Amino acid sequence: MNGVRRPIGVFDSGIGGLTVVKALIEDLPSESIIYFGDTARVPYGTKSKSTIVRFSLENVEFLLRFDVKCIVIACNTSSSWALPTLRKYFKVPIIGVIRPGALAAVRQTRTKRVGVIGTNATIKSLAYEMAIRRIDPRVKVFSQSCPLFVPLVEEGWLNGGISRQIANHYLTTLKRQRIDTLILGCTHYPLLAPVIQEVLGSSTTLVDSAQQTAAEVRGVLMGADTLCDGSAKPRYRFFVTDEPSHFNQPSCQPLPGSGDGCGRTRQFFQ
Ligand code: DGL
């Protein structure tokens, strides 16, 4: 296939990576996308490094069947632990979400006190601390894992009493650290942004990796001379490793996959 028309491959453990797909579609509306959500094995955030790396290798192998021109790891957990291995094994450009998220936060903070929330695995990896230190060593980072947020999002419990109670539980300590910026260090979390914002108050700015990741993808495609020129209609295809009906729930609705003519979500068994 013509290098320019080849799709961008995107993967996550579940529906969270759709928040990155949304930013990709907004920023690169001519690009076709193949999305792969490993819903049969979500969550990744409670698993060991070796399991996360193995799943990530398999996800890339699946996407390569579609002759993708680059791959976006729309998963902080996988980006934290598997990015160096994936880059070692595959020639296709691979973009993670940690550095873009770190960059967005460093640009945003005024007080240089930044919070990070993520899965157990992401927080344990210290990936954000290291990425932020490389950009601006003066920024102080306070981190907190929020393991129940991913199942809440996968179940579509985006607001209401239980979500608020859980958010309160996780965020109270961070709130005391007087952070002015919070990185939503899991691609599922932007779907809980209203509840998180309510708990932290309006003085804390929430940032996620999605827009900066899309900007980075644009840069990579421009560098490789494979940026789509807009002459072709984009095609979006979505694959999951378990029951697709769950994937088409209302929290996924802003995405074109649920609309006609954009491809339906198909189940694929690894
Ligand atoms: N959405 C993912 C992330 O950004 C994975 C969450 C999980 O599977 O635990 O970390």
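Indexing begins at 1, ligand by ligand and atom by atom, following the structure's order. Values in this document were obtained by computation on a predicted structure and should not be read as measured data.
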Quiz item: Would you call Arg133-Glu129 a salt bridge at under 4.0 Å N-O?
Solution: no
Practice problem: Salt-bridge test for Asp180 and Arg110: reply yes if a basic N is under 4.0 Å from a carboxylate O, no otherwise. | Solution: no
Quiz item: Among Asn120, Thr46, Thr119, whose side-chain hydrogen bond (donor to acceptor under 3.5 Å, both in side chains) with Thr77 holds?
Solution: Thr119
Quiz item: More than 12 foreign heavy atoms under 6.0 Å from CD of Gln165: is that the case here?
Solution: no
Self-check item: Cation-aromatic face contact Arg237/Phe66, 6.0 Å, 45 degrees
Solution: no
[X] neighbourhood, listing ligand 1 atoms whose heavy-atom distance to it stays under 4.0 Å:
X: Thr119; answer: 6 (C), 9 (O), 10 (O)
X: Thr77; answer: 3 (C), 5 (C), 10 (O)
X: Asp12; answer: 1 (N), 2 (C), 5 (C)
X: Val42; answer: 8 (O)
X: Cys75; answer: 2 (C), 3 (C), 4 (O), 5 (C), 10 (O)

Suppose we measure from [atom] to each protein heavy atom; which comes out shortest, and what is that distance?
atom: atom 7 (C) of ligand 1; answer: Tyr44 N, 3.3 Å
atom: atom 1 (N) of ligand 1; answer: His188 ND1, 2.7 Å
atom: atom 5 (C) of ligand 1; answer: Ser13 OG, 3.3 Å

Self-check item: Among Val60, Asp12, Thr241, the one residue meeting side-chain contact (heavy atoms from CB on, under 4.5 Å) with Phe36
Solution: Thr241
Quiz item: So Phe62 and Phe239, would you call those rings parallel, tilted or perpendicular, with 30° and 60° as cut-offs?
Solution: perpendicular
Quiz item: Just distances here: any N/O of Gly45 and N/O of ligand 1 closer than 3.5 Å?
Solution: yes
Quiz prompt | Polar proximity ligand 1 side, Thr46 side, N/O cut 3.5 Å exclusive | solution = no
Practice problem: Could you see which bit of Asn76 sits under 4.0 Å from ligand 1, with heavy atoms only: side chain, backbone, both or neither? | Solution: both
Quiz item: Does Cys186 approach ligand 1 within less than 4.0 angstrom via side chain, backbone, both or neither, non-hydrogen atoms only?
Solution: both
Exercise. Decide if the gap between the ring center of Phe149 and the ring center of Tyr170 is smaller than 6.0 angstrom.
Key: yes
Quiz prompt | Test item: Thr187 side-chain N/O and Ala74 main-chain N/O as donor-acceptor pair under 3.5 Å | solution = yes
Quiz item: So is Gly14 in contact with ligand 1, going by heavy-atom distances below 4.0 Å?
Solution: no
